[in-house]
Amino acid sequence: MKKFIGILAVLFMFCLYGTTAMAADNDTVVALGADLTSEQRATVLNLMGLTESDLSECTVIYTTNEMEHEYLDSYLDPAVIGTKSLSSVKITKAQSGSGVIVTTQNINYCTTGMYRNALMTAGMEDTEVLVVAPTPISGTAGLIGALKAYEVMSSSQVSDTALDTALDELITTGELADSIQGDISSEDVEALMAWLKSKIASGELDTGDEDSVRDVIKEGESNFGITLSEKEIQDIISLLKKLDSLGLNAEYLLEQAQKLYDKYGLDLVENANDAINEAVGNAVTTAAKNFFQNLKDSISNFFKNLF
């Protein structure tokens, strides 16, 4: 019940884009909640570091509560989603190779790691993402606005399958972090999910073999000190099947593996290192392979010095 109360505040926010304002270019796209009052709009823009006049230099889109229901009713009770769209997102094009960088203001349920992992699952690349709200709320629907803004920026469409999978990942990770007892943090749950996805990307995990999937999840429970209920295991199995159908590329795997380096060191992600080599070898040119190999070596050497 607590997680649904936490999400209740969430979904006074936004969803897709309803109306687009003309702007100078698409390097910065702002998705404003369609139901913001004038005062709330001023608060949101202030949190973004923008003024009304600054918006003329951005592409502005508006998100609606109807789209929240379209994408989230299959995961949450419609009464939980609510009737207003308030939360807003600013995304900014970043340099190639920067990855996805997420910060939040007044978001108290979805962590930056949850957003980042889910956005990458849906295909976002090299983007700075700021999710804000006029008052503290959960932020689940912020993923929708961020991806719809990214569609405008990149002039490419995020498939419904990718969006559904990203939403599933965000909500599953959040519910796991909320329900698991003990000294388990959201970061531990995020790292578990990243580790499981690295198994898929490397081809080590056959999601069509449920016994094998359960064995890998059990290994993950041991590695990350997490105990899952049967329902939580079933939710993860369902999510992993969706992730497997999307396919995970070398760049994605590298970023996920780096997150595990950051928290857990070298031993736990030895297989992820091997997977990076294999995935890069199959996915990119020789020049790109050398780039990723050098980057991996730099990361490895750095953490070897720490540990």
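We use all heavy atoms of the structure for the numbers below, so side chains are in, but hydrogens, waters and symmetry mates are not.
By the 4.0 Å N-to-carboxylate-O rule, E151 lies close enough to K148 to be salt-bridged with it. A salt bridge does not link R214 to E221: none of the charged side-chain nitrogens sits closer than 4.0 Å to a carboxylate oxygen.
When the side chain to side chain contact (heavy atoms under 4.5 Å, CB included) test is applied to D206, the partners found at least two apart in sequence or on another chain are D209. With sequence neighbours excluded, no residue forms a salt bridge (Lys or Arg N to Asp or Glu O under 4.0 Å) with E128. For D215, there are no side chain to side chain donor-acceptor pair (under 3.5 Å) partners two or more places apart in sequence or in a different chain. Shown here are the side chain to side chain donor-acceptor pair (under 3.5 Å) partners of S74, two or more places apart in sequence or in another chain: there are none. In this structure E52 satisfies the side chain to side chain donor-acceptor pair (under 3.5 Å) test together with R41, sequence neighbours excluded. Taking T172 as the reference, D168 meet the side chain to side chain donor-acceptor pair (under 3.5 Å) condition, with sequence neighbours excluded. The side chain to side chain contact (heavy atoms under 4.5 Å, CB included) search around T104 returns V102, I107, T112, Y115, V131, not counting sequence neighbours. With sequence neighbours left out, the side chain to side chain contact (heavy atoms under 4.5 Å, CB included) criterion links D54 to L50, T51. For D164, the salt bridge (Lys or Arg N to Asp or Glu O under 4.0 Å) partners at least two apart in sequence or on another chain are K242. In this view, T37 and E39, Q40 satisfy the side chain to side chain contact (heavy atoms under 4.5 Å, CB included) rule, not counting sequence neighbours.
Although no hydrogens or angles enter the test, the distance criterion places no donor-acceptor pair under 3.5 Å between the side chain of T127 and the main chain of V100.
Within the structure, salt bridge (Lys or Arg N to Asp or Glu O under 4.0 Å) pairs that include any residue of residues 86-111 comprise D27-K93 (at least two apart or interchain).
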